[in-house]
Amino acid sequence: QVQLVESGGGLVQAGGSLRLSCAASGRTFIRGVMGWFRQAPGNEREFVVFISGSGVSSYYRDSVKGRLTISRDNDKNTVYLQMNSLKPEDTAVYYCGAAGGYYTRNDYTTAGPYDYWGQGTQVTVSS
């Protein structure tokens, strides 16, 4: 079993920054791909970014490129999401997920490969 706990959300003005954390514990396949998704009220959960097990590779949705940065510290079993230049449209509950197995890049942009999810952390960006 894998447990994921997100933290770091909050209320920030447009242009501000937040740093989200996702602490993982449990089985060793948490060394695999980790992803961040978000869900705004009335919307479906959408992909934001994922990072490879080694931390070398990552892939972002277009609307967050250059503003959000994912990283991981495998010694601490933690994945981070540095969020800069935040916009009101970034307002959502942010979830981290842990994927098992091996999938294509496109697969990792969907919820399917992610076997475990955290409870989410709210990010609210005011205009």
Side-chain angles (χ1 to χ4, degrees):
Q1 193 72 10
V2 174
Q3 293 81 42
L4 303 176
V5 178
E6 301 99 333
S7 62
L11 173 63
V12 64
Q13 289 187 332
S17 298
L18 286 172
R19 188 193 196 202
L20 307 185
S21 298
C22 172
S25 61
R27 295 173 57 185
T28 56
F29 75 73
I30 59 174
R31 299 295 192 217
V33 167
M34 298 287 292
W36 285 96
F37 286 68
R38 65 188 181 187
Q39 187 167 16
N43 291 354
E44 295 185 353
R45 190 172 297 192
E46 66 179 18
F47 164 76
V48 178
V49 59
F50 73 78
I51 188 168
S52 63
S54 66
V56 171
S57 301
S58 58
Y59 184 74
Y60 297 82
R61 72 179 295 113
D62 287 344
S63 63
V64 306
K65 289 179 180 178
R67 301 188 298 115
L68 274 58
T69 303
I70 191 171
S71 61
R72 68 190 296 166
D73 184 336
N74 283 343
D75 290 337
K76 296 181 179 179
N77 290 334
T78 302
V79 176
Y80 304 97
L81 185 62
Q82 179 65 43
M83 308 172 72
N84 298 329
S85 302
L86 283 163
K87 303 176 180 180
E89 51 263 44
D90 294 318
T91 295
V93 178
Y94 283 71
Y95 299 90
C96 69
Y102 297 93
Y103 298 90
T104 68
R105 185 185 70 180
N106 284 344
D107 289 337
Y108 285 119
T109 67
T110 68
Y114 298 88
D115 296 318
Y116 297 96
W117 295 93
Q119 82 291 347
T121 186
Q122 176 70 48
V123 172
T124 303
V125 184
S126 63
S127 57

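Side chains included, hydrogens not; waters and symmetry mates left out as well; all remaining heavy atoms used.
Distance alone, capped at 3.5 Å, is enough to place a donor-acceptor pair between the T121 side chain and the G9 backbone. Remark: side-chain polar atoms of R72 are not paired, donor with acceptor, to backbone N or O of G55 under 3.5 angstrom. Judged by distance alone, with hydrogens and angles left aside, the side-chain atoms of S52 form no donor-acceptor pair with the main-chain N or O of V33 at under 3.5 Å.
Counting non-hydrogen atoms of other residues, nucleotides and ligands closer than 6.0 Å to NZ of K76 gives a total of 12 or fewer.
A salt bridge does not link K87 to D90: none of the charged nitrogens lies less than 4.0 Å from a carboxylate oxygen.
Contact between A92 and A40 at its shortest, heavy atoms only, is CB-N, 3.8 Å. In plain terms, the two heavy atoms of V93 and G120 that are nearest each other are CG1-CA, 3.8 Å. Residue N77 comes nearest to N74 through the heavy atom pair OD1-O, 3.1 Å, listed as atom of the first residue, atom of the second, then distance. Closest non-hydrogen pair, A14 versus P88, comes out as CB-CD, 4.1 Å.
In this structure, the separation between CG on L20 and OH on Y94 is 7.5 Å, given to the nearest 0.5 Å. Here OG1 of T69 is found 6.5 Å from CG of N84. Values are rounded to the nearest 0.5 Å. We find the OG-CD1 distance between S58 and I51 to be 6.0 Å, quoted to the nearest 0.5 Å. The CG atom of L81 sits 10.0 Å away from atom SG of C96, with the distance rounded to the nearest 0.5 Å. Atom OH of Y102 is separated from atom CG of D107 by 14.5 Å, given to the nearest 0.5 angstrom. Here the CZ-OH distance, from F50 to Y103, works out to 13.0 Å after rounding to the nearest 0.5 Å.
Between the side chains of T78 and D73, not a single donor N or O lies within less than 3.5 Å of an accepting N or O.
Aromatic ring centroids of F37 and Y114 lie under 6.0 Å apart.
Both the sub-6.0 Å distance and the 45° axial angle are not jointly satisfied by R38 relative to the ring of Y95. The cationic atom of R61 (NZ for Lys, CZ for Arg) does not lie both less than 6.0 Å from the six-membered ring centre of W36 and within 45° of the ring axis.
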Inset, instruction - Start with the C-alpha distance between S25 and Q3, add both sets of side-chain angles, then the distance that settles side-chain hydrogen bond (donor to acceptor under 3.5 Å, both in side chains), and finish with yes or no. - result: CA-CA 5 Å; S25 61; Q3 293 81 42; 3.1 Å; yes
Inset, instruction - Assess whether side-chain contact (heavy atoms from CB on, under 4.5 Å) is satisfied between Y108 and M34, documenting all intermediate values. - result: CA-CA 9 Å; Y108 285 119; M34 298 287 292; over 6 Å; no
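Under the side chain to side chain contact (heavy atoms under 4.5 Å, CB included) test applied with L68, the options L18, V48, V49 reduce to a single match, V48.
Here the side chains of Y59 and T109 are in contact, with some heavy-atom distance below 4.5 Å. At a threshold of 4.5 Å between non-hydrogen side-chain atoms, the residues Q82 and S71 do not count as touching. With contacts defined as side-chain heavy-atom distances shorter than 4.5 Å, the pair E6/S21 does not qualify. In this structure, Q122 and T91 have side chains that are in contact, with non-hydrogen atoms separated by less than 4.5 Å.
Neither Y80 nor I70 shares a network with the other; the hydrophobic side chains, linked directly or stepwise wherever heavy atoms of I, L, V, M, F, W or Y lie under 4.5 Å apart, form separate groups for each.
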